[in-house]
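Note that the coordinates shown come from a computational prediction; the quantities given were computed from them, not determined experimentally. We use all heavy atoms of the structure for the numbers below, so side chains are in, but hydrogens, waters and symmetry mates are not.
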Protein chains: 2
Amino acid sequence: MTTIRDVARRAGVSVATAARALGDYGYTSPRTRQRVLRAARALDYHPNAIARSMIKGRTQTLAVVVSDNANPFFASVVRGIEDAVLGQGYAIILCNADEDPAKEALYLRAIRQKRVDGLVISPSGGPGGLLRGLMASGIPIVQVDRRLARLPADAVVVDNRAGVRAAIEHLVRLGHRRIGLLGGPRRLYTGRERLQAYLAAMREARLPVADGWVLEGTFKEASGHALVGRFLRLRRRPTAIVVANNLMTIGALLALKEAGVRIPEEMAVVGFDDMDWAPILTPPLTAIAQPARDLGAAAGVLLLERVTGAFAGRPRTVVLQPRLVVRESCGTRAAPSWAYTEQESRGPTA
Amino acid sequence: MTTIRDVARRAGVSVATAARALGDYGYTSPRTRQRVLRAARALDYHPNAIARSMIKGRTQTLAVVVSDNANPFFASVVRGIEDAVLGQGYAIILCNADEDPAKEALYLRAIRQKRVDGLVISPSGGPGGLLRGLMASGIPIVQVDRRLARLPADAVVVDNRAGVRAAIEHLVRLGHRRIGLLGGPRRLYTGRERLQAYLAAMREARLPVADGWVLEGTFKEASGHALVGRFLRLRRRPTAIVVANNLMTIGALLALKEAGVRIPEEMAVVGFDDMDWAPILTPPLTAIAQPARDLGAAAGVLLLERVTGAFAGRPRTVVLQPRLVVRESCGTRAAPSWAYTEQESRGPTA
DNA sequence: CGCCGTTAGGAGAACGTTATCACATTCCCC
DNA sequence: GGGGAATGTGATAACGTTCTCCTAACGGCG
């Protein structure tokens with residue numbers, strides 16, 4: 001590997017001069033500058049970023065920790081982060097923690113040793129001791145999608161409450177009163193948040209939540225697939241379900257299809273997180289669209305402000321609004337007749 | 001940031017001794033070892049990987065260049081790579097080149113400066129001069145999904161020919177004789193490969209390829225959406241189309257839905273690349289499943305062998321087999337009657 | 001008692017860059 | 001023509017590790 005020393009030698013100058021010419025600082029006469037540049041080109045010189053990091057104390061590298069990059073939601077978030085930081089010359093180290101504290105810890109240790117300039121993380125839960133340690137060591141952290149209870153770091157999240165509320169209001173407007181939730185792990189921020197939003201929205205709508213209408217899944221496809229059966233076996237089964245994330249929605253829809261349950265006639269479905277393929281389903285899926293890419297981009301911007309020192313105040317929280325994309329999986333706008341054929345504890349006018 | 005120097009001081013030993021104790025090499029008495037370890041813990045010492053890289057000439061970091069991590073196929077590939085290398089202690093720098101040579105070049109330059117230990121790339125095309133430069137500088141490269149014509153580097157690809165052939169044979173078996181291709185950019189390896197496979201398979205099946213039956217898209221959803229119209233406006237339109245990647249399949253299906261074209265009665269569809277959501281479509285989508293994650297994992301393994309020096313022979317090529325997942329978007333197994341109502345140039349027995 | 005092998009630990013060079021300081025020139029102005 | 005600023009360049013010290021040499025103490029053995 002050719003070093004600046006080789007370049008200097010070939011240009012007939014000292015290392016210091018070569019560095020000035022290449023680094024574009026200090027005095028250099030145009031003539032020597034040219035000579036150095038020519039030599040560098042001739043030798044195909046590429047400065048060693050490791051050595052530079054050593055000296056500058058900055059690596060121009062950011063780390064991103066998500067649970068799984070193969071989940072389209074996180075893939076988009078990562079993409080958004082990258083878009084935001086590429087222009088400023090930062091590269092991204094991608095870490096998939098799989099909601100596994102051990103794996104997350106492993107990655108955080110590596111991240112710390114690599115002296116990354118900053119970190120965007122969608123924390124899996126846990127006490128966050130390692131994150132606190134990272135912060136103490138001076139590495140700025142931005143949380144995305146999820147946040148830890150008492151971690152004094154910036155955060156970019158989506159307004160889960162508003163999203164779930166919009167979905168439930170939509171269902172209610174269409175005449176649904178028996179609405180179930182296929183939720184996520186309570187261990188995770190998004191799982192908890194969406195569950196509480198569901199409970200609050202149901203309360204607001206003065207709708208009862210019967211036993212078995214709230215299920216706790218794993219945010220994975222298999223769990224959506226497995227749990228739908230429980231809804232179907234219920235004596236008083238919900239006429240509509242809200243599924244708390246994209247993967248579980250796939251599983252749930254598959255299970256409903258296998259069971260021959262018609263959507264929305266026998267079961268209305270609204271998914272959290274809109275996907276490319278939502279419109280091509282039959283019926284097209286009504287979904288709570290999360291601005292995943294913007295989420296990432298915002299996180300990237302906040303992080304950059306910290307990294308460059310442009311901002312050094314107290315932790316900030318950015319809340320992005322989701323958007324209910326109404327398609328056809330909850331029924332037509334007019335309230336379906338069947339919704340009123342059964343006696344509910346409260347009539348429509350109550 | 002605490003350094004090994006601080007640890008040594010606190011333990012009352014020299015830097016050399018501290019290094020031996022922490023690095024687990026050379027002689028150290030159990031007692032001093034304990035003292036050093038305790039000091040390191042007390043000071044929350046995390047070795048500086050930058051400095052270590054400097055000395056060792058290895059960064060324990062790999063780079064991955066794909067066109068777009070937000071495309072589920074590449075997201076899975078990346079995931080596969082990560083799975084393969086995490087165990088060996090390597091981190092991954094993710095680069096989205098967007099098929100943009102300038103962006104790719106930008107990243108390759110950064111990668112080179114960062115002295116990454118190896119590179120997995122899904123090359124966008126172009127002359128590959130930069131890649132050759134990287135190789136010349138001693139960085140092992142593995143190509144994945146796509147490959148450059150004359151680049152002497154390992155490659156892991158899918159058997160595109162076999163995949164397309166299986167799809168077309170399947171269609172033929174179901175009675176289709178007018179089969180179109182919604183292809184990808186000829187500029188890209190996969191685009192070319194799948195086009196040629198289509199042509200070869202049609203020739204083998206002794207089926208004609210009429211004007212307008214072969215379209216060149218961009219591998220993006222919008223292009224699938226836009227181009228389907230061309231098929232539909234054709235006087236002699238195909239009864240079946242093969243769509244050359246996942247994103248274009250979504251666009252195509254959406255356009256067909258909007259146009260009210262029934263699948264498979266009016267148009268059979270088989271997509272390249274199976275997706276999670278393929279089974280929940282109506283009808284469920286028949287697709288050529290690519291082992292995306294395995295593709296990545298294999299690339300990771302090959303790269304690791306190069307990086308560690310376990311293998312140093314001539315460039316290898318791993319070809320993974322795709323699998324046709326038959327669902328219902330091409331019609332039932334029994335040849336549909338309508339397929340024979342029109343006169344073809346060649347009868348079924350010819 | 002001297003020699004040698006073993007055990008333990010320290011000094012210091014190296015990795016490749018950046019950046020500070022010092023040292024020359026040259027030039028200008030009073 | 002001399003002092004001082006402006007201009008150009010070189011020497012060299014960092015940055016934090018790793019690792020090769022050295023040195024020293026000690027015990028065993030001839």
Respond yes when some side-chain nitrogen or oxygen of [X] is under 4.0 Å from OP1 or OP2 of [N], and no when none is.
X	N	result
Ser29(B)	dG9(C)	yes
Tyr27(B)	dT23(D)	no
Thr3(A)	dG16(C)	no
Thr17(A)	dT9(D)	no

Task: Modelled atom types, side-chain donor and acceptor of Lys114(B) and Thr61(A), under 3.5 Å - done: yes

TODO: Take Ala51(B) and Gly12(B), find for each the nucleotide of DNA chain C with the closest heavy atom, and name the residue whose nucleotide sits nearer the 5' end.
DONE: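 The answer here is Gly12(B).
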
- [ ] Assign each of Thr32(B) and Leu22(A) to its nearest nucleotide of DNA chain C by heavy atoms, then name whichever residue's nucleotide is nearer the 5' end.
- [x] Thr32(B)

Open item on the list: Can you tell me whether the side chain of Arg20(A) and the base of dG10(D) have a donor-acceptor pair closer than 3.5 Å?
Closed with: yes

Open item on the list: Please determine whether any donor N or O and acceptor N or O are separated by less than 3.5 Å between the side chain of Arg115(B) and the base of dG16(C).
Closed with: no

Task: Residue pair Leu304(A), Leu62(A): steps toward the side chain to side chain contact (heavy atoms under 4.5 Å, CB included) verdict - done: CA-CA 9 Å; Leu304(A) 244 35; Leu62(A) 271 20; 4.1 Å; yes

Open item on the list: If you define the side chain from C-beta out and look only at heavy atoms, does anything of Leu119(B) sit under 4.5 Å from Leu131(B)?
Closed with: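 A side-chain contact under 4.5 Å exists here.
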
Open item on the list: What I'd like to find out is whether the side chain of Val120(A) reaches to under 4.5 Å of the side chain of Leu302(A), using heavy atoms alone.
Closed with: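 A side-chain contact is absent here, since even the closest heavy-atom pair is not under 4.5 Å.
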
Rounded to the Å, how far apart are [X] [atom1] and [N] [atom2]?
X	N	atom1	atom2	result
Asp24(B)	dT17(D)	CG	P	17 Å
Ile50(A)	dT18(C)	CD1	P	13 Å
Tyr25(A)	dG8(D)	OH	P	16 Å
Met1(A)	dA14(C)	CE	P	21 Å
Ile4(B)	dG10(C)	CD1	C1'	14 Å
Lys56(B)	dG16(D)	NZ	P	19 Å
Ile55(B)	dC19(D)	CD1	P	7 Å
His46(A)	dT17(C)	NE2	P	12 Å

Side chain of [X] only, please: which of [options] is the nearest?
X	options	answer
Pro47(A)	dT17(D), dT17(C), dG10(C)	dT17(C)
Ala16(B)	dT17(D), dG12(C), dG10(D)	dG12(C)
Arg52(A)	dG16(C), dT18(C), dT18(D)	dT18(C)
Met54(B)	dG10(D), dT17(D), dG16(C)	dG16(C)

Task: Position toward the 5' end of DNA chain D (nearest nucleotide), Arg5(A) or Thr28(A) - done: Thr28(A)

Open item on the list: Nearest 0.5 Å, please: how far is CG in Asp98(B) from CD in Glu82(A)?
Closed with: 8.0 Å

Open item on the list: Against Phe74(A), only a single residue in Val64(A), Leu295(A), Val66(A) fulfils side chain to side chain contact (heavy atoms under 4.5 Å, CB included); can you say which?
Closed with: Val66(A)

